[in-house]
Asker: 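Supplied in structure tokens, the structure appears directly below.
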Amino acid sequence: MNSRDLGYFLVSQNVSNGFRTTLSILLPSLAGAQMNQLRTGLALSLGALVVSLVDAPGPVQHRRNAMLITVATAALITVLTGFARFLPPVLALEIGLFGFFFSMFVVYGTRAASVGTAALLTLILTLDRPLDMAGVLRQSVLIAGGGFWYVTIALLSATLRPYQAARQALGQCIHSVARAMSIKADFYDVTKPLDEDYRHLVAQQVVVSEQQDAVREVLFKSRQYMNSPDNTGRLLVLTFTDVVDLYDQILAMYLDYNDMLERFGQTGVLPQIARLIRQLSVELDYVGLAIQTPLVRRPPVDISPTLVELSQQIDALGNRYGSTLVLKKALVLLRSIAQRITVIQRNLSEPHIDGLQRNALEYDRFVSHHSIDWSTFRDNLTRQSSAFRHSVRVSVALLAGYLTTLFLPAGSHSYWVLLTILVILKPAFSLTKQRNKQRMLGTLGGAVIGVLVLTLIPDKTAQFVLLVVFMLGTYCFMRLNYLIMVVCLTPFLLIAFNFMGIGYLDLAGARAVDTLLGGLIALSAGYWLFPSWESRQIVGTMTVMLNADIHYASLLLNGLSGRVVPLIDYKLARKEVYVASANLAAAFQRMTSEPQRQQRNATLIYEFMVLNHILQANMATLMSGILTERDGRLPHSAPTEPVGLRSARPDRPRPDLIRLMNRTLAALQAAQQQLTGSAPPAPSHLPGETYPQSGPEIDTSLREQVGFVQQISQDIEKLILRGNWQPEDTKKSPGD
């Protein structure tokens, strides 16, 4: 971890939210302890803990609504669970029904899913509390009070620092883009296999896509950023659109790396290109850090001399190693990226945001919306729904865990078994397996740390300081790194229970056993009960990827045919391609971590991802040229400025280019049809339209690039023909 990575972490949303959550949970317990009302304080802290789970970054109104719904739900579940506890069969029925019902909230989106998780957490943490009826009602009121306490703190923080969440999300997004750029530098390193470079780049695309979605969630779903009186919000929107355009340019940096490494690997030029790319990534990294915290101010570094030096090195090669066109193309791309970074740096110091608000409503098209209605829930009550299958697994696993603990000596601590099941069991088996491993290792490591602290450090003040440190670590890493979170959580709980007079050695052993039991139940449910194997779902993800490719290629065909391509439509198609690529890469990563016998066509799918990356990079290069001004200037970064078809578009339609693009579409559609066994959707261009049969001489490089796009599309079609993509009915998975 370098100094920039540390800086990003210290001023990130994870740390600021961790501090807020820690204080919100810790203060009620401390106040209760001081007034000899520790149980009251713990109930208030529990309410704050439950509500904190749904306080994910996003528009303030969405956060507020989710938190208030969670407060009401937690209070109601506390009452129901407290009364059901008097009759174990009723409590078992509640665990099974609520486990299914609240897990189904995933159909309404991530924030609604977190509300469901918070509801189940409330149930689990209250089912072992021996309370009478009056105590149950009092506990419900206290949990609601703790929830309202957290809501107040969260909304107050958002009011005092209205742009902080957007700054942090945008800074992290820029950080991930800078990381993707530094990975591109590895493609010019003769010591690193290209196959490994592609794997790293594809994995980073997943991270970038997630970060971009997080920024869109904050910026585009809140009108305050478009209507801010001091233009701060609009400047953040402007910067984000610039960064997305820059990411497009980075991904468009595709060259024939095999040929380039073979011919120029020993000339010393390629290491210079790699150093320049890394230098640009560092410049971009500092931009993100400056946005995330205004305290960081670093003057931009002028890389013009480095560009000039690189140009002279390329010219000095002459023709000794063949044509240097590929190196000159790399130089042009780097110069363009450097200009884009300069534009971003300049806009931060001298913003130009005129006209950004005119098409503010267009930004609403870049974010997804989930309506909360019964029909969506009802339509997913089928075995074909992944949400339904996951909800059944959660329900059965929680019920099995509860019933199992009734027959164990440690049955009074059944909440820990159920808590382990809840946090480990995920929709995909690979994620469940990963969480299970992290939970086991984290609990074991954290237990060792906790026992050592309590054994070697008897001083209560020091123990309390360490408790706060571990608590901070728990909530800072809650959404960042699950393993580290568990490592911090276990000693935090051991120290806390030690302060309440509970023996930590016995507690550490009991927690280890409970974690092992819960992990085994969760893993068994994920494997045997309605298992969700990526090999059976990834074909659908590949089909979505081809759909996005076809849409993108259709826009490219329209541009080359002389039609106007609206900039918003192009950016929506570009987002569709990037999101589909990231989803496919994430699905592939999950599939490769599943049991070997459940994996199918892994090599072909990886080749498919690489070919798609190459296809999208070349189409992005062509589209970038189409949407660039004739004089070569970068278009203004504001998405509302009219940008016409310019340099890469011929003066009038060219039949050769159009025929090549039609073949590209035909190949992609044939590949899609082979995957699905059904006719693909019609492309956006008009079928049967006639074009001129003659025209001026086509620019050679343009024709070669369009021809290369067609060749890659045909390679994709041939690759799909090599695989068996239909489900194997004769092979039944466990639980089917």
Side-chain angles (χ1 to χ4, degrees), residues 107 202 209 368 379-380 382-389 427-428 430 530-557 572-592 594 598-616 619 661-687 709-733 736:
V107 301
V202 168
S209 179
S368 58
D379 293 343
N380 279 275
T382 170
R383 184 174 173 178
Q384 284 67 45
S385 168
S386 60
F388 175 82
R389 294 158 68 95
S430 60
F530 294 150
S532 180
W533 305 117
E534 285 297 339
S535 60
R536 296 192 172 194
Q537 304 180 57
I538 202 167
V539 171
T541 311
M542 294 170 67
T543 303
V544 173
M545 181 73 264
L546 287 172
N547 262 333
D549 289 340
I550 291 170
H551 186 199
Y552 202 42
S554 298
L555 288 181
L556 179 55
L557 172 61
L572 283 169
R574 180 180 66 184
K575 173 181 176 285
E576 181 185 3
V577 164
Y578 290 163
V579 170
S581 292
N583 290 340
L584 178 58
F588 179 75
Q589 290 174 348
R590 292 193 297 269
M591 189 187 78
T592 53
E594 292 176 345
Q598 297 296 341
Q599 299 180 27
R600 296 177 57 206
N601 301 312
T603 302
L604 293 179
I605 294 172
Y606 174 72
E607 293 177 11
F608 177 81
M609 290 193 302
V610 172
L611 287 174
N612 262 281
H613 173 76
I614 297 172
L615 176 70
Q616 293 157 12
M619 288 198 297
M661 283 307 302
N662 274 322
R663 291 171 188 165
T664 297
L665 282 166
L668 293 174
Q669 290 167 348
Q672 184 189 58
Q673 188 172 18
Q674 178 67 21
L675 275 178
T676 62
S678 60
S684 60
H685 71 288
L686 299 176
V709 166
Q710 184 230 338
Q711 177 188 333
I712 295 299
S713 66
Q714 290 180 334
D715 290 342
I716 291 175
E717 179 186 4
K718 294 175 183 176
L719 182 145
I720 296 299
L721 290 173
R722 287 161 50 196
N724 178 18
W725 308 100
Q726 301 307 314
E728 298 182 10
D729 297 330
T730 58
K731 290 186 179 181
K732 297 292 184 180
S733 292
D736 280 1

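None of these values were measured; they are calculated from a predicted model.
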Asker: CG of Leu675 to CH2 of Trp725: how many Å apart, nearest 0.5 Å?
Answerer: 6.5 Å
Asker: Apply side-chain contact (heavy atoms from CB on, under 4.5 Å) to residues His613 and Ser581 and explain how you reach the verdict.
Answerer: CA-CA 8 Å; His613 173 76; Ser581 292; over 6 Å; no
Asker: Rounded at 0.5 Å granularity, tell me how far CD in Gln599 sits from OG1 in Thr592.
Answerer: 6.0 Å
Asker: Quick check against the 3.5 Å criterion: does Asn612 have a side-chain atom that pairs as donor or acceptor with the backbone of Met545?
Answerer: no
Asker: Which atoms form the tightest heavy-atom contact between Leu611 and Leu719, and what is the distance?
Answerer: CD1-CD1, 3.9 Å
Asker: If you measure from CD1 on Ile716 to NZ on Lys718, what distance do you get to the nearest 0.5 Å?
Answerer: 12.0 Å
Asker: Would you say the side-chain atoms of Arg389 pair up with the backbone N or O of Pro531, donor to acceptor, closer than 3.5 Å?
Answerer: yes
Asker: How close do Leu604 and Gly723 get, heavy atom to heavy atom, and via which atoms?
Answerer: CD1-CA, 3.5 Å
Asker: Output the distance between atom CD1 (Ile605) and atom CD (Glu534), rounded to the nearest 0.5 Å.
Answerer: 9.5 Å
Asker: Sorted by first residue and then second, give each salt bridge (Lys or Arg N to Asp or Glu O under 4.0 Å) pair with at least one member in residues 604-615; sequence neighbours left out.
Answerer: Glu607-Arg722
Asker: Among residues at least two apart in sequence or on other chains, which ones pass side chain to side chain contact (heavy atoms under 4.5 Å, CB included) with Ala585?
Answerer: Val202, Val206, Met609
Asker: Is it true that a side-chain atom of Glu717 and a backbone atom of Ala670 form a donor plus acceptor pair closer than 3.5 Å?
Answerer: no
Asker: Atom CG in Leu555, atom CZ in Arg574: separation rounded to 0.5 Å?
Answerer: 12.0 Å
Asker: Go through the side-chain N and O atoms of Thr543 and Gln672 and say whether any donor and acceptor fall under 3.5 Å apart.
Answerer: no
Asker: Please round to the nearest 0.5 Å and tell me the distance separating atom CG of Asp715 and atom CD1 of Ile720.
Answerer: 11.5 Å
Asker: Apply the side-chain contact (heavy atoms from CB on, under 4.5 Å) test between Ser713 and each candidate in Thr664, Asp549, Leu546, Leu665; give the one that qualifies.
Answerer: Thr664
Asker: Minimum heavy-atom separation for Tyr578 and Ser209, please, with both atom names.
Answerer: O-OG, 4.4 Å
Asker: Identify the heavy atoms of Asn601 and Asn724 that sit nearest to each other, and give their distance.
Answerer: ND2-O, 3.1 Å
